[in-house]
Amino acid sequence: MPEFAPPVDHLDAVLAWLAAEPADDPVVDLTELRKHLDLPASQDIVGTQRLQALDLLRVRALDICSRFRPRLLTAALPLGRSLHLAAADLVEALLVLSEHYRVLLGELQRRWLWSRQQEMAVLSAQGLQMVGEAAMLSAMAGASAPFGLWQKAHALWRASGQMRDGGGVEATPVCLYYLRLLAIAVSQPESLTARELQWLFDFLESIALDGELSTSPIQPEAASYWIDLAQDSPPIAIARKAPGQGSDILFFGPLALNRQVSARVAWLEEKILEAEVVGLDTDGELLDPESSGLPEGLAPLEALALLRRLRDRWATPALRSQPRRRHQYRVQVGAGIKAVWDLLRGTAGEPSEWMVYNESPGGYAILSVGGVDCSLSAGMVLALRREPTQGWTVCVVRWIRSDNPDQVELGLQVISQGCAAVSVGFRGADSQSMSPALMLPPLSAVRPHFAIVAHAGTYASRRFILIHEDKHLYVAQCRVLGLDMQTASIELFQYEVDPYPI
């Protein structure tokens, strides 16, 4: 809970702090902010003063967020204890401010001040802005949405009075903030890196209003979601669970957002191809916001990979196709391509130990048991085995949760049973040195050819050199057949030995 200061006797003293220049360290400002979070609820100040104090606290909280968020962009999961606690304190402060807005709106409703509907919409928007920032910071820190976050969001939306009869929304800030929050929730934020989340948050500011929100089901139902405004829960895919009944049920459809994404994917693919043909650097001015309509923060290839994943997720909600079985046994784990590469070559130390707590034919959910001694991120490669005599099972981290700095949960998708350490070098790559990679055997009905999983950005052209050092040295010129998977951390592509080597 926030460490609130004693009741404020003089509003002017707090307003003077809010009007002063912020501290250089946002955590110092956050500590001071938390001392004054109870000011808008004080009975010693009148209505206009409450509004003024709440608005100034909101502005200062947004300033702290803008200066604190870069620390999460460069931090690896799990966060260090001090950074984790600071992020949790900031999230809690934002939710306290949103609660002040909810209480204020409730008072206006009880007084039947419906003539102030426009003011209520503004207050709802400011409250939802706080909730959206809290949800974003939680996701960037690898944590689950805090208890009560969704209930606050739904209450603020309901109080705004922006829902038209029969469905549809206006192009207003309150609609933007609510639709953006819904869109982030259905984008599987736990599977995105902090950089991808920040980019998505900025990108949705320009397209979120295209999302559909209605009091009746949205077609096609297989790609839409339902929301219970009376519950503390995010949108639920209709394909996973039938919607409830009653006046508290709303429906959300992201397909219109998908059309926006598809248009930008096509534009990016064309621009990247043009740049490659003429030999221009694709990391240059290709994603200038004024010409591209896309935010900064990701390289063109990174943005393209993220947009493709969003397109798939918004078109088809994730469904569980294989049953999970609860287990509890220890496994040895190597996290990251280089770590697995070293383990395979016998040049690494002892692998870390994790606990499998459920599994399915296609993946695992694992929990750290002896602390985490490596950096983790969604989309990275991880290999595990139950016994030292067994081979390594290669997986991709699909999601990551870290609600406290001493414990991390990972969801894994199996991509191969077994692998070999190889080195690859691509023609036309910026670096002339060979890169560590993992060679994966064919996978029946999924991957008919051998495949390579390498660090993101390794794949630079169709032809590459492969070196495998085992009992015998094997060198081959190979040709990429197609890119099967691309995340912020890795690329997985099938290949064949080039029949026409140069």
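When reading the values below, keep in mind they use all heavy atoms of this one structure, side chains included, and skip hydrogens, waters and symmetry mates. Numbering of residues begins at 1 and proceeds along the displayed sequence.
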Value for CG (D202) from CG (L298), rounded to nearest 0.5 Å, stands at 10.0 Å
> If only atom types and distance count, is the side chain of W226 paired as donor or acceptor with the main-chain N or O of K241 below 3.5 Å?
Replying inline: yes
Is a side-chain N or O of S224 found less than 3.5 angstrom from the main chain of I218, in a donor-acceptor match?
yes
- request: Give a yes or no answer on whether the side chain of N358 reaches the backbone of R325 with a donor-acceptor pair at less than 3.5 Å.
  value: no
- Is S187 reaching over with its side chain to a backbone N or O of P189, donor-acceptor style, under 3.5 angstrom? no
| query | So, do V340 and V394 sit near enough that their side-chain heavy atoms are less than 4.5 Å apart? | reply | no
dist Y474:OH -> L466:CG (nearest 0.5 Å) comes out at 7.0 Å
task = Look only at the side chain of E196 and the backbone of T193, and say whether a donor-acceptor pair between them is shorter than 3.5 Å.
result = yes
Chi angles and distances behind the salt bridge (Lys or Arg N to Asp or Glu O under 4.0 Å) call for D210, R259:
CA-CA 9 Å; D210 285 348; R259 289 190 285 271; over 6 Å; no
Just wondering, do V497 and F450 contact through their side chains at under 4.5 Å, heavy atoms? no
Stepwise, does the side chain to side chain donor-acceptor pair (under 3.5 Å) test hold for D403 with Q407?
-> CA-CA 7 Å; D403 291 322; Q407 182 172 301; over 6 Å; no
Here the gap from R58 atom CZ to L33 atom CG, rounded to the nearest 0.5 Å, amounts to 13.0 Å
Name the atoms and distances for all side-chain donor-acceptor pairs under 3.5 Å in residues 417-425, with sequence neighbours left out.
| residue | atom | partner | partner atom | Å |
| --- | --- | --- | --- | --- |
| Q417 | OE1 | T393 | OG1 | 2.9 |

Between L197 and M136 the two heavy atoms that sit nearest each other are O-CE, 2.6 Å
| request: For side chain to side chain contact (heavy atoms under 4.5 Å, CB included), just list the numbers for L412 and I366, CA-CA rounded to whole Å, side-chain angles, deciding distance to a tenth of an Å, and then say yes or no. | output: CA-CA 8 Å; L412 308 177; I366 64 175; 3.8 Å; yes
Heavy-atom closest pair (G379 atom, T487 atom, distance to 0.1 Å) is O-OG1, 2.8 Å
**Asked** Just checking, is any N or O donor in the side chain of R195 or T74 under 3.5 Å from an acceptor N or O on the other one?
**Response** no
With no hydrogens and no angle check, is any side-chain donor or acceptor of D232 less than 3.5 Å from a backbone partner on Q151?
yes
- Going through the checks in order, is the side chain to side chain contact (heavy atoms under 4.5 Å, CB included) test met by R311 and S262? CA-CA 7 Å; R311 181 178 59 184; S262 296; 3.3 Å; yes
Between P146 and L95 the two heavy atoms that sit nearest each other are CB-CD1, 3.8 Å
Between the OH atom in Y177 and the CD atom in Q129, the distance rounded to the nearest 0.5 Å is 3.5 Å
d(L72 CG, L77 CG) to nearest 0.5 Å is 9.0 Å
Where the side chain of S138 meets the backbone of A135, is there a donor-acceptor pair that is under 3.5 Å apart?
no
- List the steps and the verdict of salt bridge (Lys or Arg N to Asp or Glu O under 4.0 Å) for D484 and R447. CA-CA 9 Å; D484 288 13; R447 196 170 56 235; 5.4 Å; no
Handout entry: Over 12 foreign heavy atoms within 6.0 Å of OH, Y329
Key = yes
When you look at S191 and R398, which way does the side chain to side chain contact (heavy atoms under 4.5 Å, CB included) test go after all the steps? CA-CA 5 Å; S191 69; R398 301 302 296 174; 5.5 Å; no
Using a 3.5 Å distance criterion without hydrogens, assess whether the side chain of T347 forms a donor-acceptor pair with backbone atoms of L343. no
Charged N to carboxylate O under 4.0 angstrom, R308 versus D312? no
Q) Charged N to carboxylate O under 4.0 angstrom, D29 versus R67? A) yes
Check your understanding: Can you check whether L213 reaches L179 side chain to side chain, under 4.5 Å on heavy atoms?
Key -> yes
### Query
Would you say the side-chain atoms of Q198 and R69 include a donor-acceptor pair closer than 3.5 Å?
yes
With a 4.5 Å cut-off on side-chain heavy atoms, are V480 and L483 touching?
no
Residues at least two apart in sequence or cross-chain that pass ring-ring contact (aromatic ring centres under 6.0 Å, His included) with H154, listed by chain then number, are W150
R463 to F426 six-membered ring, cation-pi geometry met (6.0 Å, 45°): no
| field | D470 side chain to H472 backbone, donor-acceptor under 3.5 Å | value | no
d(E133 CD, L181 CG) to nearest 0.5 Å is 11.0 Å
Smallest heavy-atom separation, W392 atom then G334 atom, equals CZ3-N, 4.2 Å
Is there side-chain contact between D89 and L30, with heavy atoms separated by less than 4.5 Å?
yes
Kindly indicate, with the supporting measurements, whether the criterion side chain to side chain contact (heavy atoms under 4.5 Å, CB included) is fulfilled by I207 and R264. CA-CA 11 Å; I207 70 165; R264 284 164 172 80; 4.0 Å; yes
Practice task
Measure from NZ or CZ of R345 to the centre of the six-membered ring of W341, then state whether that distance is under 6.0 Å and the direction lies within 45° of the axis.
Solution key: yes
Should Y459 and F464 count as side-chain neighbours, where that means a heavy-atom distance under 4.5 Å? no
On a heavy-atom basis, the closest approach of F203 and V261 is CE2-CG2, 4.0 Å
- Query: Looking at the rings of Y364 and Y357, which for Trp means the six-membered one, are their centres under 6.0 Å apart?
  - Reply: no
- prompt: Does some side-chain heavy atom of L304 sit less than 4.5 Å from a side-chain heavy atom of W267?
  reply: no
If only side-chain N and O atoms count, and only distance matters, is there a donor-acceptor pair under 3.5 Å linking R385 with Q390? no
When you measure from the side chain of E491 to the backbone N and O of G457, does any donor-acceptor pair fall under 3.5 Å? yes
Quiz item: Mind checking whether V381 and L438 have side chains closer than 4.5 Å, heavy atoms only?
Solution: yes
Of all heavy-atom pairs linking A61 and M130, the shortest is CB-SD, 4.4 Å
Aromatic ring proximity F251/Y225, centre distance under 6.0 Å = no
